Amino acid sequence: MSLVEREGMENRKLIYANDKCVGCGICADTCPTKSLILSPIVPIARGLIEMDYISCNKNNCVLCGLCASSCPFGVLGLEINGELISKSKQYPNWNNEAKINEELCFYCGKCVEACPRDSIFFTRKLPDINDLLSGEISIDDEKCVYCRVCEEMCPSCAINISSNNEFGVPDTIEVDDSKCVYCQVCKRACPQDAITAICTTCMFKENIDKPNIEGTIFIEGKCINCGWCKSVCPADAIDIIKPFIGEILRNPELVCKGETCHACKDVCPANAVEIIEGESKINPECCVLCGACVKACPQDLLSVKRESMALDNINSISWKDILGKLLE
């Protein structure tokens with residue numbers, strides 16, 4: 001969505017992706033003309049009202065691009081003659097990112113489940129089960145009475161009993177070899193001893209190739225580099241560079257209202273806030289220090305202390321002064 005657009009010697013356009021916005025207000029804090037306004041983030045996060053996290057006074061905006069350069073999540077972008085300044089070597093750029101090493105990944109999917117922003121996507125192709133099994137199964141039609149015991153007991157639903165006569169009486173039994181795992185449950189359960197089943201998987205296990213699990217996995221969209229994916233990855237296949245290093249501080253003289261408020265928990269884009277024993281607790285491993293919780297807290301209980309940020313190539317002295325305030 002375009003917030004402001006002007007044509008001249010340079011065509012400039014400020015674009016905004018509300019679906020990626022976390023409501024941190026960093027852009028509004030750094031805007032030198034105070035053109036960006038942070039909306040009431042708590043009722044928006046709770047779904048009580050529908051509106052963008054950020055609004056813009058188009059009459060004041062000078063399209064300088066500071067807001068776009070200060071946003072660590074790629075929500076705002078300034079286009080000059082159709083090119084984003086984030087791709088230009090003349091403007092600051094963020095180095096925060098999340099990377100997945102596919103050589104280490106075995107596509108378990110835990111990162112997908114853990115991601116609070118639904119930004120990880122993967123596909124997985126599993127081997128054919130028959131390539132991992134070895135055995136034989138047969139049924140003696142003369143002994144079988146089609147009682148359905150084997151059909152009901154089969155854990156892999158590999159046995160099907162049906163009727164091929166006009167009376168609907170069961171008289172046909174079939175085994176789906178693609179489903180059978182040769183567990184021999186049917187053999188042990190059959191009251192007529194009509195089933196012969198042999199499992200040779202263990203006997204020939206040295207001749208069965210190790211299964212090859214193939215897939216693809218990638219991160220895109222609303223990722224904010226929180227690190228949940230890294231924390232749950234059993235293969236240690238994910239590397240995270242967060243936008244900021246620091247901590248969220250709590251005023252010891254104030255008492256958190258916990259469950260009666262939980263504004264910080266509701267607005268946190270990284271799912272890094274929990275209410276434990278009546279107080280909000282912030283998981284520092286997954287916090288991105290965006291400051292949304294600070295702005296949401298009605299008691300001014302919290303403050304953000306950023307020691308460094310993954311933003312470089314700041315060439316302008318005035319921009320250094322303004323962007324440097326993010327660390328104050």
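As the structure is a computational prediction, the values presented were derived from the model and not from experiment.
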Worksheet entry | Heavy-atom check, side chain of Asp266 versus side chain of Ile41, under 4.5 Å | no
Item to complete: Using a cut-off of 6.0 Å, state whether more than 12 heavy atoms not belonging to Glu10 lie near its atom CD.
Response: yes
Worksheet item: What do you reckon, is CD of Glu50 surrounded by more than 12 foreign heavy atoms closer than 6.0 Å?
Response: no
Discussion item. Within the supplied structure, the quantity of interest is the number of heavy atoms (other residues, nucleotides, ligands) at a distance under 6.0 Å from Glu97 CD; does it exceed 12?
Written reply: yes
Worksheet item: Within 45° of the six-membered ring axis of Phe244 and under 6.0 Å from that ring's centre, is NZ or CZ of Arg306 located there?
Response: yes
Discussion item. Could you check whether any side-chain N or O of Tyr182 sits under 3.5 Å from a backbone N or O of Thr201, counting only pairs where one atom can act as donor and the other as acceptor?
Written reply: no
Item to complete: Give a yes or no on whether Met153 atom CE has more than 12 heavy-atom contacts from other residues, nucleotides or ligands under 6.0 Å away.
Response: no
Discussion item. Quick check on side chain to side chain contact (heavy atoms under 4.5 Å, CB included): which of Asn130, Ile159, Ile137 does Cys180 satisfy it with?
Written reply: Ile137
Fill in: Any donor-acceptor N/O pair, Asn160 side chain to Glu151 backbone, under 3.5 Å
no
Worksheet item: Between the side chain of Asp239 and the main-chain N/O of Lys99, is any donor-acceptor distance below 3.5 Å?
Response: no
Worksheet item: Any chain of hydrophobic side-chain contacts (each under 4.5 Å) joining Leu301 to Ile275?
Response: no
Worksheet item: Rounded to the nearest 0.5 Å, how far does SG of Cys226 lie from CG of Asn271?
Response: 8.5 Å
Discussion item. A quick test of your reading: do over 12 heavy atoms of other residues, nucleotides or ligands sit less than 6.0 Å from CD of Glu5?
Written reply: yes
Item to complete: Count the heavy atoms of every other residue, nucleotide or ligand shown that sit under 6.0 Å from CG of Leu126, and state whether that count exceeds 12.
Response: yes
Discussion item. Other residues, nucleotides and ligands only: do more than 12 of their heavy atoms fall within 6.0 Å of CD1 on Ile276?
Written reply: yes
Worksheet, complete the sentence: Separation between CG (Leu66) and CG (Asp29), nearest 0.5 Å, reads 12.0 Å
